[in-house]
Amino acid sequence: MPHKVAEMSPQFLLVWHSNTVSSGSSMMQNGLDAVPQTNGGSLHNSSSNSSANSHNSSSQTNSAGGQEESKTNLIVNYLPQTMTQEEIRSLFSSIGEVESCKLIRDKVTGQSLGYGFVNYHRPEDAEKAINTLNGLRLQNKTIKVSYARPSSEAIKGANLYVSGLPKNMTQQDLENLFSPYGRIITSRILCDNITGLSKGVGFIRFDQRVEAERAIQELNGTIPKGSTEPITVKFANNPSNNNKALPPLAAYLTPQARRFGGPIHHPTGRFSMLPGNAMNGSGWCIFVYNLAPETEENVLWQLFGPFGAVQSVKVIRDLQTNKCKGFGFVTMTNYDEAVVAIQSLNGYTLGNRVLQVSFKTNKSKTA
DNA sequence: CGACGGGACGC
DNA sequence: CGACGGGACGC
């Protein structure tokens with residue numbers, strides 16, 4: 001059983017909080033908050049969605065369309081904005097051989113739409129990817145990994161916006177209210193950021209458009225049991241027709257600069273501890289020492305992902321035993337984020353081992 | 001105590 | 001009144 005981050009000492013579990021899209025700037029000044037890990041050894045954020053329930057093996061009974069659901073094809077949601085297709089491939093390849101990988105980008109701007117597809121050769125790898133990568137924190141996001149449904153027109157536009165909910169209604173209450181009308185993919189109740197109290201507004205995403213339509217017909221204007229106010233149920237706004245803060249021209253006049261996270265700050269001459277060959281042109285290589293023999297790549301993703309853009313991770317194994325030789329490497333895109341990760345994770349207790357984390361040096365057995 | 005990979009230009 | 005953290009089906 002591989003170690004999970006959640007099993008580590010809680011006081012060391014650091015999570016990156018930032019509202020800014022990672023642009024490689026002054027991230028060191030921003031706060032790192034210690035996050036008390038609720039026990040359980042799982043990073044899965046089951047409170048924010050319900051898809052796990054919907055994708056049990058029992059749900060493989062085909063729904064109306066009669067389409068067989070793929071057991072190798074995954075949809076990945078809530079990806080960090082800067083994450084590239086190759087980084088996604090790198091992440092999912094840590095589980096097993098990936099057949100194909102596709103990050104969905106805006107057709108005109110080229111910006112990531114924050115989701116993509118990963119298809120494995122083997123169903124067991126897809127299952128393992130869900131078990132180990134769903135809920136993984138990467139930068140300021142918590143990714144979601146679930147089986148992709150067969151693509152069809154029937155599943156599009158099935159997201160509902162619900163308002164007028166009683167303030168004491170829970171996510172589970174909301175699901176109970178809507179579940180008679182179809183298979184719920186995600187649900188959410190919006191809460192005030194400060195008070196944490198419900199805003200009486202939520203979202204329900206159904207599997208099928210027709211399910212959403214029927215829920216509107218049946219529930220819009222009705223008064224939930226125990227409430228006095230009728231709820232409004234309608235289709236959610238389409239994010240592509242966003243009326244958000246004007247996405248000014250400048251934003252996609254220089255998409256390249258953003259894609260690569262902005263200028264890299266070379267520490268040359270300004271610091272006594274030079275990373276030296278830690279920088280390999282497209283990232284900063286970090287050495288992680290004192291990993292347990294059973295360590296798998298996903299552990300490194302869990303450790304470093306919250307601190308910023310991770311390009312790749314590697315657990316070094318003995319060729320005969322296939323056990324980790326006690327160390328590994330992580331390549332991060334941005335120097336500032338790498339520094340914070342090193343400062344935060346060096347000395348971190350993983351299991352019963354104290355990690356040593358630093359920029360990679362030149363040391364090697366043959367040199 | 002221990003400690004820094006490995007694929008591999010090839011169109 | 002309200003619009004997610006977060007553009008969910010191949011952009």
Side-chain angles (χ1 to χ4, degrees), chain A residues 17-19 45 48-49 51 69-70 73-81 85 100-119 137 139-144 146-165 185-193 198-207 229 231-232 234-244 247 276-278 280 285-291 312-317 319 324-331 353 355-367:
Chain A
H17 286 290
S18 172
N19 298 326
N45 191 358
S48 66
N49 65 63
S51 70
E69 295 194 17
S70 169
N73 197 26
L74 304 177
I75 185 167
V76 187
N77 289 293
Y78 315 129
L79 292 163
Q81 182 57 235
Q85 183 166 293
S100 64
C101 172
K102 176 84 175 280
L103 171 63
I104 306 305
R105 296 179 174 278
D106 184 285
K107 200 190 319 184
V108 304
T109 68
Q111 296 294 300
S112 166
L113 293 189
Y115 70 96
F117 297 87
V118 174
N119 192 31
R137 303 177 79 117
Q139 302 179 45
N140 56 342
K141 297 293 174 64
T142 301
I143 69 169
K144 178 176 174 185
S146 56
Y147 287 110
R149 295 168 282 161
S151 185
S152 77
E153 286 300 312
I155 66 174
K156 294 169 132 178
N159 198 23
L160 295 179
Y161 173 77
V162 189
S163 58
L165 297 169
I185 302 300
T186 55
S187 67
R188 178 177 211 84
I189 288 182
L190 304 190
C191 296
D192 184 278
N193 284 329
S198 168
K199 293 164 90 169
V201 168
F203 293 87
I204 289 278
R205 184 186 303 278
F206 277 107
D207 178 45
E229 184 187 359
I231 62 173
T232 299
K234 57 187 183 181
F235 284 111
N237 290 342
N238 189 338
S240 57
N241 335 329
N242 61 56
N243 44 359
K244 308 227 167 189
N277 69 336
N280 66 14
C285 192
I286 296 168
F287 175 67
V288 186
Y289 180 72
N290 210 16
L291 298 170
S312 63
V313 306
K314 180 78 173 178
V315 170
I316 304 305
R317 295 181 170 85
L319 291 173
C324 174
K325 291 164 76 172
F327 62 94
F329 297 95
V330 175
T331 301
R353 295 162 173 269
L355 299 185
Q356 294 175 47
V357 183
S358 62
F359 281 111
K360 181 186 181 325
T361 69
N362 274 324
K363 289 181 205 166
S364 78
K365 280 183 179 169
T366 56

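Every chain is numbered from 1 and lettered A, B, ... according to where its sequence line falls, protein lines coming before strand lines.
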So which atom in [X] and which in [Y] form the shortest heavy-atom distance, rounded to 0.1 Å?
X	Y	value
A/Ser163	A/Val201	CB-CG2, 4.1 Å
A/Tyr78	A/Lys144	CD1-CB, 3.8 Å
A/Ile75	A/Tyr115	CD1-CD1, 4.3 Å
A/Gly200	A/Ser198	N-OG, 2.9 Å

For a quick check of understanding: with a heavy-atom distance under 4.0 Å over all strands, which category does [X] fall into, base, sugar-phosphate or nothing?
X	answer
A/Asn159	base
A/Asp192	nothing
A/Gly116	nothing
A/Phe327	sugar-phosphate
A/Leu190	sugar-phosphate
A/Ser112	base

Nearest to the side chain of [X], which nucleotide is it out of [options]?
X	options	value
A/Ser151	C/dC9, C/dA8, C/dC11	C/dC9
A/Thr142	C/dG6, B/dA3, C/dC9	C/dG6
A/Lys234	C/dA8, B/dG5, C/dA3	C/dA3

For [X] and [N], are the ring centres under 5.5 Å apart with planes inclined under 30°?
X	N	result
A/Tyr161	C/dA3	yes
A/Tyr115	C/dG7	no
A/Phe117	C/dC9	no

Expressed as a whole number of Å, how far does the [atom1] atom of [N] sit from that of [M]?
N	M	atom1	value
C/dG10	C/dG6	P	22 Å
C/dA3	C/dG7	C1'	13 Å
C/dC4	C/dA8	C1'	13 Å

Could you tell me the separation between the [atom1] atom of [X] and the [atom2] atom of [N], rounded to a whole number of Å?
X	N	atom1	atom2	value
A/Leu74	C/dG10	CG	C1'	14 Å
A/Glu229	C/dC1	CD	P	8 Å
A/Ile316	B/dG2	CD1	C1'	17 Å
A/Arg149	C/dG10	CZ	P	11 Å
A/Lys314	B/dA8	NZ	P	11 Å
A/Lys360	B/dC4	NZ	P	9 Å
A/Asn237	C/dG2	CG	C1'	12 Å
A/Tyr289	B/dG5	OH	P	13 Å

Query raised in the report: Got A/Thr361 and A/Phe287 here, is their nearest side-chain heavy-atom distance under 4.5 Å?
Result: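 Answer no - side chains too far apart.
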**Report entry** A/Tyr161 vs A/Thr232 side-chain heavy atoms within contact, under 4.5 Å
**Finding:**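 Not in contact.
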Between [X] and [N], is there a side-chain N or O to OP1/OP2 distance below 4.0 Å?
X	N	value
A/Lys156	C/dG10	yes
A/Thr361	B/dC4	no
A/Arg188	C/dC4	no

Query raised in the report: Which sits closer to the 5' end of DNA chain B, A/Leu319 or A/Gln356, going by the nucleotide each is nearest to?
Result: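 Closer to the 5' end of DNA chain B: A/Gln356.
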Query raised in the report: Given that A/Asp106 and A/Asn77 both sit by DNA chain C, which one's nearest nucleotide is further toward the 5' end?
Result: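 It is A/Asn77 whose nearest nucleotide is closer to the 5' end.
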Requested in this report: Give a yes or no on whether the backbone of A/Asp207 and the side-chain of A/Arg149 come within a donor-acceptor separation of less than 3.5 Å.
Outcome: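 Yes, the answer is positive, given that a donor and an acceptor are paired below the 3.5 Å cut-off.
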Query - Syn/anti label of B/dC11 as read from its glycosidic torsion, with the cut at 90° from 0 - result: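 Anti.
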Query raised in the report: Pick one for B/dC9: is it syn, with its angle within 90° of 0, or anti?
Result: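 What B/dC9 shows is a syn base, its glycosidic angle lying within 90° of 0.
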Query raised in the report: Could one point to a donor on the side chain of A/Lys199 or the base of C/dA3 with an acceptor on the other under 3.5 Å away?
Result: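 Counting by modelled atom types and ignoring angles, no donor-acceptor contact under 3.5 Å is found here.
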Query raised in the report: Is A/Asn140 side chain donor-acceptor paired with the C/dG6 base, going by distance under 3.5 Å alone?
Result: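 No pair found.
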